[in-house]
Amino acid sequence: MEKYITAFTDAFMGSVQWTWKSILFEVPWYTNYFWGLTVISLLVWGLEIAFPWRKNQSVFRKDFWLDGFYMYFNFFLFAIAISGFYKLLGLLFGDIGISVKSMTIMDISSLPMWAQLVAFFIILDFVQWFTHVLLHKYPFLWRFHKIHHSVKEMGFAAHLRYHWMENIFYKPLKTLGVMILGGFEPEQAFIVHFFAIAIGHLNHANIKITWGPLKYIFNNPVMHLYHHSYVLPKGSYGVNFGISLSLWDYIFKTNYIPEDSGTIEIGFPGDEKIPNGFLKQIIYGFSKRK
């Protein structure tokens, strides 16, 4: 029992110290996700201000500050809080003989670095796309995902506005993806993580970008806006589930872009029942609501 308590405490304190060092610029720039997130956010916000798609939308749109707080809460505060539990799970799996290598299907360690990064990016993006589909398909999961879809005006910070339970759903499957690839992240994985943050911010931003012919590979704001559409195709539980890549939607026929005016209503039927304010929203979903 002592080793579990020690592991939990060390993981928690390690996360706290690393985040604090990041704020103080005491970690290498390529692992400094605090300032990386901040710089990317400011750059994309600057693009929203300079080239707004919906001209009548305020620079400080509805729930701008709430979504900004969600960014740092989900990316750092909750990550610190949960770090000890993930360490405990790792120890428990090790004690019953399950290691990161035991589930390896494709060991990418022998590939060139660029190939490792591409494989890492594609596999993890597919895992996230699949998880995203589940969040829409199953009512229990949708209860929590509703917080993300309660956004009524799109902007970059809406990217990381989501219920903390989504971390619980995504993390095990993302970890499984890493295990499948040989149980490690490539040395230059920070490139993938920063790229994913930038794409996610742009997808939610008030900017009209389609990427031209590359729209069949990379997700974009026009495509993702319809993911948030209030009105969905009849019989559908969602469309355009792509995270960074759009190709999964084109492969599995979940793509839907009927027009590109950017003027559609977003949200979902019943979104007026979502409580206002961060504290009420993070406990939302634990009781069944009609």
Report, one line per pair, each donor and acceptor closer than 3.5 Å where one atom sits in a side chain of residues 9-17; sequence neighbours left out.
unit_1	atom_1	unit_2	atom_2	d
Thr9	OG1	Ile5	O	2.9
Ser15	OG	Ala11	O	3.1
Ser15	OG	Ser83	OG	3.1

Same cluster (ILVMFWY, side-chain, under 4.5 Å), Phe75 and Val39: no
Hydrophobic cluster identity match, Phe156 and Met154, side-chain contacts under 4.5 Å: no
Tell me whether [X] contacts the main-chain N or O of [Y] through its side chain, where contact means a donor paired with an acceptor under 3.5 Å.
| X | Y | answer |
| --- | --- | --- |
| Glu265 | Tyr230 | no |
| Asn74 | Tyr162 | yes |
| Glu48 | Ile207 | no |
| Ser150 | Ile147 | yes |
| Asn219 | Leu245 | no |
| His228 | Gly267 | no |
| Ser246 | Lys215 | yes |

Qualifying residues under side chain to side chain donor-acceptor pair (under 3.5 Å), relative to Asn206, sequence neighbours excluded: Arg54
Validation row, ring centre [X] to ring centre [Y] under 6.0 Å:
| X | Y | answer |
| --- | --- | --- |
| His163 | Phe286 | yes |
| Tyr33 | Trp18 | no |
| Phe194 | Tyr30 | no |
| Phe278 | Trp164 | no |
| His148 | His227 | no |

[atom1] of [X]: more than 12 outside heavy atoms within 6.0 angstrom?
| X | atom1 | answer |
| --- | --- | --- |
| Tyr250 | OH | yes |
| Tyr138 | OH | no |
| Lys152 | NZ | yes |
| Phe130 | CZ | no |
| Glu187 | CD | no |

Ile23 side, atom CD1; Trp35 side, atom CH2 - distance, nearest 0.5 Å: 8.0 Å
For the student: nearest non-hydrogen atoms of Asp271 and Ile266, plus distance: OD2-O, 4.1 Å
Distance-minimising heavy-atom pair for His201 and Leu160: CE1-CD1, 4.3 Å
Pair His224, His159: side-chain N/O donor-acceptor within cut-off below 3.5 Å: no
Heavy-atom side-chain proximity of Ile251 to Trp129 below 4.5 angstrom: no
